[in-house]
Amino acid sequence: MSVSIDDVHYIAELARLRVNESEAEAIQKDLNQILGYMQKLEELDTTNVEPLEHVLEMEFRTRKDEPKEPLSHEDAMKNAPDADSDYFRVPKVIE
Amino acid sequence: MYTSILKIQNALIKKTLSLPELVKGYLGKIESHNGDLNILIEVQADEAISRAEEIQLKINQGKAGALAGCILSLKDVYAQKNHPLTCGSSILKGLTSVYDAEIVDRLTSQDAIIIGRANMDEFAMGSSNEHSVYGPTRNPLNPDYVPGGSSGASAASIAAQFCNASIGSDTGGSVRQPASYTETVGLKPTYGRISRHGLVAYASSFDSVGPMGSSVSDVAQLLQVLAGEDEKDNSSSSNPPGDYVTAVTQEHRSFTIGIPSEYFSDGLDPEIHRKVDEIIQIAEKEGHLLKKVSLPYTQYGLATYYILATAEASSNLARYDGIRFGNRKMPTDSTSLRDLYIETRTQGFGDEVKRRILLGTYVLSKGYYDSYYGKAQKVRRLIREDFLRAFESVDILLSPATPTTAFKLGEKADPLSMYLNDVYTLPANLAGICAISIPAGKHSNGMPFGIQFQAGSFQEEKLLHCAAQFERYLNH
């Protein structure tokens, strides 16, 4: 199993990153080296092993369903790259 | 070699030292050396001095909090109201926190003073503090060397005597490896022990808040204030905190200490190996019961960790899209939303972050999910079971903290050799247990190295008690 240049472009597209041809080659090389190392896990038979999703087997807690305002509207908008007084502004998405 | 918080507190009570004096002393050091070492990316001089004056009054009245005298740097990964929060990344340049992280609330309410924000590897991804938009941080013990990472500048801020403590974060060893490289102490508490509200996420099933100081008692004092449930963080544990401050001063106790053979394999520097063997002999003389143990799945830790951590990172870092916050970049030849995302992320992230996002995206993508991510989750269980088995017969595990001392800037060019640095520290994150690195000695290359103790989940009292004893053996 090795990563092709097409794979690099495909995952870059999924991750919303742009890679040019020379970068793609360097990334391909890095990924193949790292994934080659990760192949080590194939040695292990894990047929009867349950995946570990939470290191602490603690019960899931829920909060009371009470409305709170952890952040004011003004604070929430404070770091927006582009906004009017009420909304975040983005480029037009509907033609 | 550095002054512990406790000693400073005693001097403050005896009035041989005043808090404003102490803070000004640190600020003087920062003024002289921060330019060369590139440790703090923001110095909060005025705030620190005025807080010192306020807290000095409380000390005079006998009303000061538990951390009066603790002057600390905060890794640039924590939210601190009205201060920048950038995670060493261009994509967050210009961001100002609108709230305080839970740890900031807890620290300042006990009269700790934040003196500045520490540089870091971008989004905590790195082991050398070379991957930051602000440029690399240098090791104060020798500026040709890295301070480790990703909390390298946090450790360096203590070693440079810019402050006496720091809060880093530990996902795969990010406080313990820098501690080993700078002759400081770094604690990775049990997963869930300290609230992560206000800690920017890298890999959520691993990330831990990491107290750092110059002695075991420093990190015990910090943990005492930081540990405990927080309703703002659902992953914080309801397990009641222990009495960590008392634990480090308790009378001598003999522990059953496991020596995991897998931590003494080929990659370990022979001088560090020899020194750890000496320490094991000291331990026997001091009355501890030493036992060889085996954690056979350790060799799969690195592969398992980098699959799971990059997968989680690729998902966590999807939020940086230039819409609600962050450094938006609009392409010159397009006005589409999709191209805005791509331009913002391509310009905003550095190479190592992109590499990990791409790797994480790959291992989660269709056709590869089961063979990488699914497989790694299963091996993670095997690694955790290794530890659970070991802790049935021993209290604590003792090992080197890192396979080598600090390396020189620019020395580790390929990513995999950088990742190999974390080989002794990341198993604790995979298993969710607690671990600490304390100074163990100096190498003939002049650089220090640490030893690591690991204990089971929520066994911090035992961990700190044992580490404090070894600190005493090694200090004379």
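So that the names make sense, note that chain A is the first sequence line, chain B the second, and so on, each numbered from 1.
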Legend entry - CA sep, side-chain torsions, deciding dist, call: B:Y419, B:Y305, ring-ring contact (aromatic ring centres under 6.0 Å, His included): CA-CA 10 Å; B:Y419 299 170; B:Y305 172 79; 8.6 Å; no
Inset, instruction - Go through the steps for B:S89 and B:E122 under the test side chain to side chain contact (heavy atoms under 4.5 Å, CB included), then give the verdict. - result: CA-CA 5 Å; B:S89 181; B:E122 185 178 1; 2.7 Å; yes
Contact check, side chains of [X] and [Y], non-hydrogen atoms, under 4.5 Å:
X      : Y      : result
A:M38  : B:Y300 : no
A:I34  : B:P415 : yes
B:L426 : B:F206 : no
A:K29  : A:Q33  : no
B:Q459 : B:F391 : no
B:D333 : B:D339 : no
B:F325 : B:L92  : yes

What part of [X] lies closer than 4.5 angstrom to a heavy atom of chain B: side chain, backbone, both or neither?
X     : answer
A:R18 : both
A:D30 : side chain
A:L71 : side chain

Legend entry - Residues of residues 311-320 of chain B with any heavy atom under 4.5 Å of a heavy atom in chain A: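 Against chain A, none of the residues of residues 311-320 of chain B fall inside the cut-off of heavy atoms under 4.5 Å.
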Inset, instruction - Using a cut-off of under 4.5 Å on heavy-atom pairs, state which of A:D82, A:I27, A:D7, A:V8 scores highest against chain B. - result: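 Going by pairs under 4.5 Å, I would pick A:D82.
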Inset, instruction - Name the member of A:K78, A:E53, A:E23 that forms the most heavy-atom pairs with chain B at distances under 4.5 Å. - result: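 Between A:K78, A:E53, A:E23, the count favours A:E53.
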At a 4.5 Å cut-off on heavy atoms, which part of [X] comes close to chain A: side chain, backbone, both, or neither?
X      : answer
B:R384 : side chain
B:Y306 : both
B:Y99  : side chain
B:S417 : neither
B:T344 : neither
B:L340 : side chain

Legend entry - Any donor-acceptor N/O pair, B:D100 side chain to B:D105 backbone, under 3.5 Å: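 Answer holds: no.
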Inset, instruction - Answer yes or no: is there a donor N or O on one side and an acceptor on the other, between the side chain of B:S97 and the main chain of B:Q80, under 3.5 Å? - result: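 Side chain of B:S97 to backbone of B:Q80: a pair is present.
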Heavy-atom pairs under 4.5 Å with chain A - which of [options] has more of them than the others?
options                        : answer
B:M330, B:Q347, B:E343, B:E385 : B:E343
B:L430, B:T335, B:I357, B:I307 : B:I307
B:D321, B:L358, B:L337         : B:L358
B:K232, B:K354, B:Q377, B:R338 : B:Q377

Inset, instruction - Test B:T171 against every option in B:T425, B:N429, B:D207 by the side-chain hydrogen bond (donor to acceptor under 3.5 Å, both in side chains) rule and name the one that passes. - result: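 Between B:T171 and the candidates, side-chain hydrogen bond (donor to acceptor under 3.5 Å, both in side chains) is satisfied uniquely by B:D207.
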Legend entry - Donor + acceptor pair across side chains of A:S4, A:D6 (<3.5 Å):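 There is no such pair (donor and acceptor under 3.5 Å, judged by atom type) between the side chains of A:S4 and A:D6.
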